[in-house]
Structures are given as C-alpha cells and as structure tokens.
Amino acid sequence: MSQVSLTFPDGATRSYPSGTTPGEVAASISSSLGKKAISAQLNGAHWDLAWPIRTDAEIAINTMKDEAPALELIRHDLAHIMARAVQEIWPDVKVTIGPVIKDGWYYDFDRAEPFTPEDLGAIEAKMREIIAARDPVRTEVWDRARAVAHYEANGEPYKVELIDAIPGDEPLRMYWHGDWQDLCRGPHLQHTGQVPADAFKLMKVAGAYWRGDSDRQMLQRIYGVGFQNRQQLKEYLHFLEEAEKRDHRRLGREMELFHFQEEAPGMVFWHPNGWTIYRELEDYMRRRLDAAGYREIKTPQVVDRKLWEASGHWDKYRENMYITEIDEEHANEKRTNALKPMNCPCHVQVFNQGIKSYRDLPMRLAEFGSCHRYEAHGALHGLMRVRGFTQDDAHIFCTEDQIEAECAAFIDLLSTIYRDTGFGSFDIKLSTRPEVRVGSDEVWDKAEAALEKAILSVRNDYEVDPGEGAFYGPKLDFKLTDAIGREWQCGTFQADFNLPERLDATYVGADGEKHRPVMLHRAILGSFERFIGILIENYAGKLPFWLAPRQIVVASIVSDADPYVHEVVGRLRAAGLRAEPDIRNEKINFKVREHSVGKVPVILACGMREVEEQSVTVRRLGEKRTSTMSLDEVTDALRAEATPPDLL
RNA sequence: GCCGCAGUAGCUCAGUGGUAGAGCGCACCCUUGGUAAGGGUGAGGUCGGGAGUUCAAUCCUCCCCUGCGGCACCA
C-alpha cells in the first residue's frame with residue numbers, strides 16, 4: 001500500500017497509508033485530539049474528518065477552539081439539520097440549497113404554503129430534537145447516475161438540476177444526518193450533537209429566486225444565525241438591537257431630519273435639520289473639489305430623448321427613466337424629454353462647446369447632479385436607495401497618459417474626504433475587462449495598469465474582480481467600513497472609452513490633429529442622500545459638531561434667565577453657530593433629557609448665577625459632568641470646534 | 001418587479017361585524033424647578049384608497065397604493 005507524507009503545523013512530518021482520514025490522523029496523535037477533532041485543513045482546504053487523504057499534504061487538525069472552521073461546520077450542519085427538520089414536519093417540501101453565510105446560514109425550500117413565525121418555532125424545536133439525538137453524520141461519494149436516479153425517485157427536481165450544473169469530473173458527495181440525506185460538498189461535523197443547541201436562532205423567512213434568477217421559481221428562504229455558544233448568540237442579537245437603534249429612518253424621524261410620503265415614493269422631503277447636514281456636507285465638498293482643481297457646473301434636469309439616444313441610455317435604461325411629455329394642447333412642439341438619470345451626457349455637452357486643446361486637459365467638470373431613476377418598488381430603502389438623488393459627480397476629460405495621475409489624485413482626495421467624515425478605513429476593488437467590451441486591448445492594458453499603479457502609489461492591498469469592469473472601461477470601487485463594521489460602497493472611479501466616442505468629444509493634440517479624450521467618471525460620496533444615511537447610522541445620530549444639525553441649545557433654568565438666554569443665543573449665532581433657545585416652562589432635567597435624546601451635542605444651561613457672572617454651564621452630550629465658563633470662552637471654543645475639517 | 005408581512009391620533013402600539021383606546025407628544029393652567037421625564041385639564045382619528053359581501057365593515061373578500069424583511073435590479 002502506498003504511503004502519504006503529512007506535514008504538521010509544527011513542521012513534523014509523518015507517513016500514513018494512503019486513504020487514511022484526518023480523523024484517523026488525529027487519533028494517531030493522541031486519543032484526546034482524536035476526540036476533540038472536528039475537521040482538518042489540508043493544504044489550506046477545509047477537510048472532513050472522514051475524507052481519505054491520498055496525496056502528500058500539509059495538515060492541521062481543527063478543534064472547536066479553531067473558531068473559523070468550527071463556525072463554518074456548525075452553521076453548515078445547522079443548515080442540514082434545519083432542512084431535515086422541515087422535511088420531517090412537512091414531507092412534501094422540496095429542498096434546494098442551503099449555504100453558510102455571514103453569522104449563519106439559509107436554506108431555500110419549495111413549499112406551496114408560506115412558512116409562518118409559528119412554523120419557525122416548530123422547526124427550531126424539531127432541530128433541537130435532532131441535535132439531542134446525536135445522530136451520526138456520514139458521507140459517501142456517489143456517481144452521477146445514481147444521484148440523479150435517487151433524486152428523481154424522491155421527487156426532488158431542484159437537486160437534479162444542481163447535479164446537472166456540477167462539472168462532470170467532480171465527484172458528487174452525499175451526506176446523511178441520521179437518515180436524512182442531502183447532496184453536499186461538505187465538510188461536516190461527526191454527529192448532530194456537536195452543534196450547540198442553545199446558540200442558534202431562526203431569524204426570518206423571505207422569498208428568493210431559484211438560482212438567483214428572477215425569471216424562475218420563487219422559493220422560501222429561511223435564515224438562521226448560529227454560534228459556538230449562547231453568549232455569542234446573545235451578543236449577536238444585541239448587535240442587531242444596536243443596529244436597529246442606528247437605523248437612519250428612525251433617527252431621521254426622531255431628529256426631524258426628513259420624511260417620505262406616498263405621493264413621492266423614493267423622494268426625500270428634507271426638513272430644516274436634515275437640510276442643514278446636507279448643506280454643510282455640500283459646502284465642504286465644494287471647497288474640497290475647488291481645491292482639487294475641479295470646476296463646478298450645473299446642467300439641465302430635463303433633456304430631450306435625442307441626447308439619451310445618442311448616449312445609448314435610451315436603448316438600455318429607458319425602463320428606469322422618468323419620461324416627461326409636454327401637454328400637446330398647449331405646446332407647439334412635441335418632444336419627449338427624460339429627467340436625467342445621470343450627468344455624464346450633459347457634461348460631455350459642456351466639454352464639446354468650443355474647441356478644446358490638449359492644453360485644456362485634464363479638464364475636471366464637477367456637478368452636484370440631481371438625478372432621477374425609476375427604481376423598482378422593492379429596491380427602495382430610506383435614504384439608502386431612492387428615486388431622486390444628488391451625486392457628487394464629476395467627469396475628468398483627459399488623455400490615456402493622464403489616467404494614472406488623475407486616479408492617484410482622486411484616491412488621495414477620496415481618502416481625505418472619508419477621513420474628514422469619520423471613516424478611517426476603506427477597501428479598494430479593481431474590476432477589469434469583461435468579455436463584451438469596447439476599446440482595443442492595448443487601451444485596456446494601459447488603463448488597467450494605470451488604475452493599478454495609482455492604487456499602489458497609496459497602498460498595497462486591494463482586491464481584483466476580473467471581468468467585472470463596465471463594457472466601456474475598467475473601474476475602481478471604494479467601500480468604507482462604519483462604526484459597527486458594516487461596509488458601504490460609496491466611491492467609484494471609472495474609465496470610459498465609449499461615451500466620448502458616442503457623443504463625439506474631441507480635443508486638438510500637440511500634433512494639430514483631433515483626438516478622443518478618455519472620460520473618467522468619479523464620485524466619492526456616491527449620492528448625498530445615501531451618504532447622509534450612512535453618516536447618521538455610523539454616528540448613531542451623534543454627528544460631529546460641524547455636521548450636527550442642532551449644535552447648541554441654550555436652556556433657561558428659571559424664567560428670570562430667559563432674556564439672558566436670548567442674549568446668549570444671539571451671541572452664538574453671530575459667531576456662526578447653530579444655537580437655539582429653550583425657555584419653555586419645564587425643569588432643567590426635562591430639557592436636558594429631551595435634548596440628549598435629540599442628540600444635541602451641547603446644552604448651555606443658564607440660571608441666575610450665570611446671568612450674574614455672564615457665564616454659561618456647559619453640558620456635552622453623553623457626559624454627566626458640567627462646567628461653567630464665561631460666554632466669551634465658550635463661544636471661542638465652540639466656534640473652533642464647529643470649523644469644518646478642511647478649514648482647520 | 002417577485003415572495004411574505006404590515007398600514008388605527010404627530011410617534012409607538014392595543015382593539016372590536018353595531019362608526020374606537022393607551023402611553024408619549026401637542027394646547028392651556030398650576031408650578032420657577034440647577035443637569036436624562038413636576039402636577040392638572042383638554043383637544044385630536046373618513047381606522048391607507050377603491051370595490052364587494054352584509055341590515056350593518058376599521059374588522060370579512062378582492063384590487064390598488066405605500067411601508068417593512070428578503071430576492072432580483074442598481075447605467
């Protein structure tokens with residue numbers, strides 16, 4: 001019998017008969033490891049304890065102490081246990097797929113009746129029975145014909161389709177949890193009792209298309225979360241509660257920032273407080289863009305379809321465009337317009353006015369461009385996905401040789417802006433040429449290399465997504481991470497070889513000939529609406545002082561201090577601060593509570609003592625401590641604090 | 001757009017086949033209180049829209065709209 005040589009993490013190498021399983025390897029090391037082992041890493045791949053090893057390899061035995069593999073196995077087994085529980089309760093339900101996802105798993109089922117919340121309780125109970133039974137998990141490799149025959153006989157058409165989709169040379173693996181069988185890549189634990197019975201929870205039922213295809217069957221997806229112990233589950237549920245408290249839709253109402261209503265779904269009604277944030281952010285962006293060599297422009301909202309036909313949007317995206325017609329009775333001209341869904345065609349029109357020289361390049365045209373897109377109903381989500389929004393858009397017209405420098409400057413600007421708005425870290429993804437594309441390979445080579453080099457001038461780590469670029473050019477996506485670890489894709493940088501061609505943008509080169517500029521689409525915030533939503537959630541409503549819609553409330557403690565409160569407010573406003581009086585007939589306790597709930601960063605309390613001293617007592621949001629300072633002192637300190645980061 | 005759930009006072013929600021309730025908020029009064037809710041009184045609802053069943057619909061049925069959770073989509 002042939003031997004395989006296994007190398008352990010400590011560097012030791014041992015020889016085993018070919019076909020030995022990791023389970024046997026673990027047991028050969030020590031009986032306690034044999035008992036504790038749950039899976040192995042074989043050359044980095046996650047291996048089931050039951051799979052035979054037939055090649056030399058580096059091996060590491062996993063136990064429940066190895067968190068990543070342990071969680072993967074627990075969640076994967078939970079997916080199977082849940083599917084088994086569902087089929088035990090409702091034998092007619094058809095099973096499809098059930099992968100592990102962040103924090104848990106899901107499994108998609110085909111069942112005529114919807115699952116109810118009560119059903120979830122019943123499934124959980126059944127799952128605990130299965131766990132308590134400590135049913136053995138075993139696996140076999142089947143040939144294709146047998147697997148297909150099995151599932152056809154059992155009336156599981158989805159599984160048959162999955163088998164058809166698996167490449168012919170790949171072995172099909174079956175797993176049993178007790179008597180319940182599922183086609184599965186593995187690995188799994190050794191028996192159902194290894195799954196903690198008190199550290200999982202079924203969260204929700206939702207529709208999901210079979211194979212993610214909206215033309216196909218809608219299935220019912222049950223989501224679950226699972227952890228190693230009860231404490232971790234509790235922490236996760238706590239995290240969900242925290243996220244819920246940060247929900248910008250809720251804070252938007254509580255802080256009176258904005259609202260939505262039926263008459264304009266997906267369009268924001270900004271209230272004074274919300275619009276203050278918006279303006280502060282826009283002013284800041286404008287200064288940053290000015291300083292970075294952009295020229296701001298403003299282009300029309302409503303544009304004849306001819307331009308959209310020329311740009312190609314009419315063909316491809318008309319379904320998502322708001323079309324406007326002029327009432328024929330009252331208009332001499334009949335034309336069809338569209339609300340602009342994006343700014344680029346208009347920006348090319350600005351570029352195209354007059355003759356541009358290579359000396360004009362790079363030309364950076366920026367617009368806080370208000371766009372409308374008819375987004376599907378189900379896509380709308382507070383400020384995060386709206387139908388009317390404003391991009392911090394800009395298009396850089398340049399030569400191929402200028403792409404790299406422009407890209408590097410852009411990444412630099414973006415880092416600064418993310419840092420200033422409170423996002424210290426972000427990820428970059430480079431998407432490269434897709435199968436179907438415009439432009440020569442030579443141009444693509446050059447552009448991809450330019451983007452890559454631009455990234456490398458700032459940092460070493462980035463992700464590449466091959467083939468995911470737009471048909472018109474490669475792109476970078478920028479994802480920032482918020483205070484509770486969620487990622488948001490905001491910034492983008494896209495090279496475009498197509499639109500200048502379609503809309504006939506040219507410049508005169510040093511050679512006196514006409515040339516095509518490259519167009520760089522780029523945004524940092526993405527849309528103001530969405531970015532403000534992200535800001536609200538990141539800060540849980542407690543925005544930094546310069547962005548806080550309400551910065552200071554000056555509250556009287558006794559009504560005799562009311563005139564002084566007005567005087568203080570006047571002084572603060574004169575210093576450019578957002579201050580408001582609170583002279584209501586309420587106790588200071590009440591006022592402090594209300595403004596704290598309202599996330600006002602600074603409360604200045606005034607009683608008779610302050611009146612006499614010409615001082616105020618400062619109470620900062622989140623602090624119990626107060627301090628009394630002279631009005632001048634406070635005004636200077638707060639004015640400094642209110643200075644936007646670019647003006648410091 | 002698809003699946004499921006929901007829509008009752010400004011907000012959060014209870015409730016019933018015989019046209020409605022609470023808490024908070026709001027208004028007014030008392031109270032002038034020193035850092036997270038002082039007390040009293042009062043106003044406020046076409047029960048999302050439309051159609052149907054019924055003697056009678058906020059409640060049952062159907063359609064639509066909007067929202068929520070996912071899925072699909074996101075130039």
Side-chain angles (χ1 to χ4, degrees), chain A residues 106 108-117 119 203-223 247 249-250 253-254 256 259-266 308 311-321 340-345 371 373-382 384-387 389 391 470-472 475 489 492 494 496 498-499 521 526-527 530 555-562 583-598 603-610 617-628:
Chain A
Y106 67 76
D108 287 350
F109 301 96
D110 185 8
R111 178 188 182 218
E113 295 290 305
F115 289 110
T116 65
D119 291 341
M203 301 300 286
K204 58 197 170 200
V205 186
Y209 296 109
W210 169 233
R211 315 215 81 189
D213 184 342
S214 60
D215 291 330
R216 305 201 62 181
Q217 177 77 24
M218 175 65 71
L219 305 170
Q220 293 189 66
R221 174 172 297 177
I222 302 179
Y223 285 91
D247 189 313
R249 293 166 299 188
R250 169 188 174 140
R253 190 171 49 241
E254 289 173 359
E256 296 178 80
H259 84 271
F260 290 91
Q261 66 185 53
E262 269 193 48
E263 288 78 0
W308 307 113
S311 69
H313 293 103
W314 189 264
D315 271 354
K316 274 197 156 168
Y317 306 109
R318 179 160 33 145
E319 296 159 7
N320 293 313
M321 289 166 71
K340 70 173 169 187
M342 54 198 328
N343 307 299
C344 19
C371 296
R373 298 179 188 172
Y374 183 78
E375 303 286 1
H377 277 91
L380 301 179
H381 181 92
M384 302 303 188
R385 191 79 179 270
V386 286
R387 288 180 175 158
F389 57 95
Q391 295 174 312
F471 74 93
Y472 50 74
K475 65 169 180 176
Q489 202 244 295
T492 184
Q494 308 185 9
D496 186 345
N498 176 57
L499 203 58
H521 308 256
S527 92
R530 181 161 174 275
S556 54
I557 295 169
V558 293
S559 53
D560 285 345
D562 290 354
I583 55 166
R584 290 175 304 169
N585 179 14
E586 298 290 353
K587 293 196 173 185
I588 192 65
N589 290 298
F590 182 91
K591 296 182 183 180
V592 165
R593 175 184 153 78
E594 189 173 275
H595 301 307
S596 299
V597 169
I603 299 169
L604 302 181
C606 302
M608 292 321 286
R609 213 161 61 214
E610 286 78 6
T617 298
V618 186
R619 189 190 204 278
R620 317 221 38 142
L621 181 57
E623 288 179 19
K624 282 230 177 328
R625 194 169 47 85
T626 60
S627 60
T628 303

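Order of the sequence lines sets the chain letters (A, B, ...), proteins ahead of strands, with each chain counted from 1.
Comparing B/A75, B/A72, B/G48 by their closest approach to the side chain of A/Ala376 singles out B/A72. Residue A/Ile557 places its side chain closer to B/G34 than to any other of B/C3, B/G34, B/A75. Closest approach to the A/Ala208 side chain among B/G67, B/A36, B/C71 is made by B/C71 (side chain taken as heavy atoms from C-beta onward). Of all nucleotides listed (B/A72, B/A75, B/G7), B/A75 comes nearest to the side chain of A/Arg373. With B/G7, B/C74, B/A75 as the candidates, the nucleotide lying closest to the side chain of A/Glu262 is B/G7. Minimum atom distance to the side chain of A/Arg609 is reached by B/G34, of the listed B/G34, B/U35, B/G70. Checking B/G38, B/G48, B/C71 against the side-chain heavy atoms of A/Lys587 singles out B/G38 as nearest. When each of B/G69, B/A37, B/C74 is scored by its nearest atom to the side-chain atoms of A/Asn589, the top-ranked nucleotide is B/A37. For A/Pro114, counting side-chain heavy atoms from C-beta on, the closest listed nucleotide (B/G4, B/U32, B/A36) is B/G4. Closest to the A/His313 side chain, of the nucleotides B/A75, B/A72, B/C74, is B/A75.
Note on A/Arg619: every side-chain N or O is 4.0 Å or more away from OP1 and OP2 of B/G34. Residue A/Arg249 has a polar side-chain atom (N or O) positioned under 4.0 Å from OP1 or OP2 of B/G69. Distances shown here put a side-chain N or O of A/Arg253 below 4.0 Å from the OP1 or OP2 atom of B/U12. Under 4.0 angstrom from either OP1 or OP2 of B/G69 there lies at least one side-chain N or O belonging to A/His381. A/Tyr223 has a side-chain polar atom (N or O) that falls below the 4.0 Å cut-off from OP1 or OP2 of B/C71.
Within 4.0 Å (heavy atoms only), A/Glu610 reaches at least one base atom of the nucleic acid. Residue A/Arg221 is classed as a sugar-phosphate contact, given heavy-atom separations below 4.0 Å to backbone atoms only. Nucleic acid contact class of A/Pro117 (heavy atoms, under 4.0 Å, all strands): none. A/Asn320 comes within 4.0 angstrom of a base, heavy atoms only. Nucleic acid contact class of A/Thr617 (heavy atoms, under 4.0 Å, all strands): base. No engagement by A/Met384 is indicated, since no non-hydrogen atom pair under 4.0 Å with the nucleic acid exists. A/Tyr472 comes within 4.0 angstrom of sugar-phosphate atoms only, judged by non-hydrogen atoms across all strands, and of no base. Using a 4.0 Å heavy-atom cutoff across all strands shown, A/Gly212 reaches sugar-phosphate atoms only and no base atom. Using a 4.0 Å heavy-atom distance criterion, A/Lys204 is classed as a sugar-phosphate-only contact.
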Heteroatom pairs (N/O) under 3.5 angstrom, protein to nucleotides 22-25 of chain B:
none

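Across the C1' atoms, B/G52 and B/A56 are found 15 Å apart, a figure rounded to whole Å. Of the C1' atoms belonging to B/A57 and B/G49, the separation is 15 Å, rounded to the nearest Å. Taking the C1' atom of each, B/C68 and B/G48 are spaced 15 Å apart, rounded to whole Å. Straight-line distance between the C1' atoms of B/A9 and B/C26: roughly 11 Å, to the nearest whole Å. Of the C1' atoms belonging to B/C3 and B/A36, the separation is 44 Å, rounded to the nearest Å. Taking atom C1' in both B/C71 and B/U53, one finds a spacing of 36 Å when rounded to whole Å. Nucleotides B/G39 and B/G7 have their C1' atoms positioned 36 Å apart, rounded to a whole Å. Taking atom C1' in both B/A37 and B/G44, the straight-line distance is 23 Å, to the nearest Å.
Residues A/Ala555 and A/Ile588 come closest through the heavy atom pair CB-CD1, 4.0 Å. For the residue pair A/Arg530 and A/Gln489, the shortest heavy atom distance occurs at NH1-O, 2.6 Å. A/Ser596 and A/Ile603 get closest at one heavy-atom pair: OG-CD1, 4.2 Å.
With a cut-off of 3.5 Å on both pairing distances, the Watson-Crick and G-U wobble pairs of RNA chain B assemble into stems of 3 or more at B:1-7 with B:65-71, B:10-13 with B:21-24, B:26-30 with B:38-42, B:48-52 with B:60-64.
Whole-Å rounding puts the A/Tyr106 OH to B/C71 C1' distance at 10 Å. As a whole-Å value, the separation of A/Gln489 CD from B/A75 C1' is 13 Å. Protein atom CD of A/Glu263 is 11 Å distant from nucleotide atom P of B/G67, rounded to whole Å. The nearest whole Å value for the distance from the CZ atom in A/Phe260 to the C1' atom in B/G7 is 18 Å. As rounded to whole Å, 13 Å separates atom C1' of B/A36 from atom CD of A/Glu586. In this structure, CG of A/Leu380 is placed 8 Å from P of B/C68, rounded to the nearest angstrom. Distance, A/Phe109 CZ to B/G4 P: 17 Å, rounded to whole Å.
Using modelled atom types, no side-chain atom of A/Glu594 and backbone atom of A/Lys591 make a donor-acceptor pair closer than 3.5 Å. With hydrogens and angles ignored, the 3.5 Å screen pairs a side-chain donor or acceptor of A/Gln220 with a backbone N or O of A/Glu113.
Using a cutoff of 4.0 Å between basic side-chain nitrogens and carboxylate oxygens, A/Arg625 and A/Glu623 are scored as salt-bridged. Salt-bridge annotation for A/Asp247 and A/Arg249: present, with a side-chain N of the basic residue lying under 4.0 Å from a carboxylate O of the acidic one.
Both cation-pi conditions hold for A/Lys316 and A/Phe471: the charged atom is under 6.0 angstrom from the six-membered ring centre and inside a 45 degree cone around its axis.
In this structure, CG in A/Asn320 is found 8.5 Å from CZ in A/Arg373, a value given to the nearest 0.5 Å.
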